[in-house]
Every structure is written in C-alpha cells, then in structure tokens.
Amino acid sequence: MPTSANIEDLLRRLSRANIFKDREKLRPDYLPENLPHRENQILRLAEILLSPIARGARPSNVFIYGYTGTGKTAVTKHVLKWLERKWGYNNTSTLETFLYSRSDVVRVITTIVNCRTENTNYRILRALLGVLGVEVPFTGLSVAELYDRFIEVLEKNESLFVVALDEIDQLIDKSGDELLYRLTRINSELTRSKVTIIGITNSLNLRDYLDPRVKSSLGEEELVFPPYNALELEDILKERAELAFQPGVLDPGVISLCASLAAREHGDARRALDLLRVAGEIAEREGAQKVTENHVKLALKDIEKDKTVEVIRTLPLHSKLVLISVYLLWKQGISASTGEVYDMYCRLVQRINLDPLTQRRVSDIISELDMIGLVQAKLMSKGRYGRTKYITLAIPEKAMLEGIKDDSRLSAFV
DNA sequence: CTTCCACAGGAACCAGCGGACC
DNA sequence: GGTCCGCTGGTTCCTGTGGAAG
C-alpha cells in the first residue's frame, strides 16, 4: 500500500530525474527521419512506385513481407511521405500530392490503413472513402454500396490512389480475401483513375491462403525485409537514443545490450526500442542519474513478466487450475508428482463444482504448461515406486498471482 | 533376474462447433 | 435452413518403461 510519504518520495525522485528528453521518440509508432539499414528497401519501393508514375502509368501492386519490427511499416510510410514532400504542391491535405510528368498532371493520393483496427471489408472501404473526403456512416450500408461509391469518387478524383494495407493477414483471417480480390481488379472498372495496392504482412506463409488470382496480382512486385542483426539494431537505437534521452545519461554498453537481447528474438527493432524505453523508465523511477545495464536487465524481466501474465490470463480454465495446483504444492515446498498434482487439481475442481478432466488429459496439460515454460517437469524414475514427472513452478510467484487475479473463483484458492 | 510401481504417452474414438455449401 | 465437413479438445483403452525391491 502506498502511503502518502511513499508518493511524496516518488514525486520527488521523478522531479529530480533527468533521463528523458523526449520519450515519444522511442514509441513504435514514431516515424524517424532516417531509417538506418533500410536504404535498399526504401530505394526499391520508391523505384517500384515512382518510375511508372513518371511515365504516367500505374505502379505495380507490391507485397511486402518481413517479421515484426523489421521496418516494413516505417519504410512504407517513409516512401509515401517522401513522394508527397518531393513532389508535393503545398497542398492543403498532407496526404495528397501533385506530380507533374511531361505534359499531363497526375494527382497522387496515398494512405496507409491498418487492418488490425480496420479489420472488416466495410471498415476498410470506409477508411479509404474518408481519405477521399467522403464520410459514410459507421454501419447501415452494404459493402457493395460502399464499393460503388468508392469507384464513383475515385473516377471523379482523376488520380492515382496508392493504398497501403498494413497487417493484411488480419483482414484475411477475419474477412477473407474478397475485398483484396476486388481491389486488385478495380482498375478494370476505372477509366480516369488508378489504384495501386501495397500489402504488408509479417506472415510469411500468407501467400498459401490467398486466392491464386489475388496472389498473382498483388504480388506483381515483392519486397522482403530481412531481420536486423545486433549491429544494425545498435545503429537504430543510437539514433533514437540521441533524440529521446538527455545527453550522457546512457551508460556505455546499454545500447549494445538492448540490441543483442533483441537480436536474439529475430531482430525485432520494436522490442529493442521497448527495452530501451522501459530501462529508461525504471531508471527514472529509481531517481537514478544514469541508465545502466542493470536497468536493461530489469526491463527485460519486466517485459517478460508482462508476457507471462498475459499467457496465464488467456489459458483455458482447466489449465489454470492445473497451474494453480502446481503453485499450491510448490508453496508447500513440494516438488509434486503427476499424481499429487492431479489430486490437488481434483480438490480444486470440486470446490467450484465442476467435473474434473481425466488424468490422461491433465498429464497432457502439464506437458503443455511445460512447453510454454510456466512449469518445469522433470521425468524421474523411483524404481519400485514407479516413474513420474516432478513438476515445479517455473515463473515468479508475482506473475502467477497477477495472471489469475481477475477470476475471483481462482484467486480465492491462493 | 524378475517383478512391479506409477505413471508416460500412443491410438482410436467422440462431442461440439463454426464455416462452407447447397 | 439443413447438412456436411474438418478441427479442437476431450475420453477410453492401451502398451511401454527405468530402476529399486525382492
């Protein structure tokens, strides 16, 4: 329980802290001026888009692959923005740009839609119409109606519309590839305008799910983003750290530690930045003058704990009960056998008036929990006294309690 | 050497459910 | 609006097994 003295103390430390200059610069949605080690991808995407525009033609559709945190979204935004800035005509809307080529004027409009938030056909069309200045109601119209309006307003605009669909796999999971199919075919319905689609995904096998027709038209050009290695991550972090932190507050080694930790997990720049930011925040809370490697280690634990809690929270009920059984036995100092865990589990289940699963199933659940690292199960043979797994809790008690605290039935057990 | 414990874990099967299809 | 179908998560039944005890 925080007392007022605690809070005073915290406030005093925070006001004294002088760690961050601008922590927003470490957020994943911040778009930096420079994208180190993505020069090739930027160039390639710019080339794909620009050279046809200069000839007055429609650029090919592009499919962009790469793991999370490899800079796909940032590069796309960067290129679209660059298009505007370089050829922008001091336009009222920042999303629109005029591009002169030879004699005729081509009007280019760009947008990027995140399919995680706009994850239905309706909502995406609605977002696209919004960019073109047409407001439609949240609901009430049919998708076909929106589509018709979309065509209509596009024709009126006489423009090239470059649409980037970020996290496109989310859309396909939820609503299939019908809209995608229509969008890739839309140019045959248009005479005075053109549409170019950029599909962005981190799912490398997404192609297998796609309608082959969508696959071929969306994949006219493909761009693959390789993961960053530790050195590249270091460059990225250095640049951001300069913007985000006060000069000299980072201990030497902090950045390279963040980079190497993140590089271990498929070179995810977002994770590296998170690590650095959380380390900074921990240092700030402590009232420290500097961010040290130790802060990074604490940050790693923090981030991992959050992940663990989330994993527990989303576990099915019976898996949670098994986990709690292991926890209770562990608290009594018992490294429990499968049989003991099963007994404990049966008692818990009875107390909330449910039918227990069979031991066979519980044995599988234990293996699953072992696999995701919540418990540790070691197979032991006690000769005459049988063969069993010895199961212990593999996570901090705090994370365990945090993970079950919002289910009152379960939290009553601990 | 044999026995036998206390399970591990494979195989087959089944209920329920969401989605595709007519 | 029925039906078919594949998937998930469960059950039943079963065989396999390392090593202390006898």
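Because the structure is a prediction, the values reported are computed rather than measured. In what follows, chains are A, B, ... by sequence order, proteins preceding strands, each numbered from 1.
- Protein chain A touches strand DNA chain B; the 5'-most and 3'-most nucleotides with an atom under 4.0 angstrom of its non-hydrogen atoms are B:dC4 to B:dG10.
- Looking only at distances, no side-chain donor or acceptor of A:T201 sits under 3.5 Å from a matching main-chain atom of A:I168.
- Applying the salt bridge (charged side-chain N to carboxylate O under 4.0 Å, His left out) criterion to A:D22, with sequence neighbours excluded, gives A:K25.
- In this view, A:E340 satisfies the salt bridge (charged side-chain N to carboxylate O under 4.0 Å, His left out) rule with no residue, not counting sequence neighbours.
- The ring-ring contact (aromatic ring centres under 6.0 Å, His included) search around A:F20 returns A:F245, not counting sequence neighbours.
- Evaluation of the salt bridge (Lys or Arg N to Asp or Glu O under 4.0 Å) test over residues 350-367 of chain A, restricted to residues two or more places apart or in two chains, returns A:R360-A:D364, A:R361-A:E368.
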Distances under 3.5 Å between nitrogen or oxygen atoms of protein and nucleotides 7-9 of chain C:
none

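- Of all the residues in residues 373-394 of chain A, A:L379, A:G383, A:R384, A:Y385, A:G386, A:R387, A:T388, A:K389 reach under 4.0 Å from DNA chain B with at least one non-hydrogen atom.
- Of the residues in residues 309-327 of chain A, not one comes within less than 4.0 Å of DNA chain C through any heavy atom.
- Every residue two or more places apart in sequence or in another chain was checked for a salt bridge (charged side-chain N to carboxylate O under 4.0 Å, His left out) with A:K378, and none qualifies.
- Ring geometry for A:F63 versus A:Y65: interplanar angle under 30°, hence parallel rather than tilted (30 to 60°).
- Nearest-nucleotide positions on DNA chain B for A:S337 and A:R360 put A:S337 closer to the 5' end.
- Partners of A:R123 by salt bridge (charged side-chain N to carboxylate O under 4.0 Å, His left out), not counting sequence neighbours, listed by chain and number: A:E118.
- Residues satisfying the side chain to side chain donor-acceptor pair (under 3.5 Å) test with A:E167, not counting sequence neighbours, are A:N114, A:R116.
- Every side chain to side chain contact (heavy atoms under 4.5 Å, CB included) that A:A230 has, sequence neighbours left out, goes to A:A263.
- Counting heavy-atom neighbours within 6.0 Å of A:E221 CD, excluding the residue itself, gives a total above 12.
- A salt bridge links A:E24 and A:R27; the closest N-O separation between the charged side-chain nitrogens and carboxylate oxygens is under 4.0 Å.
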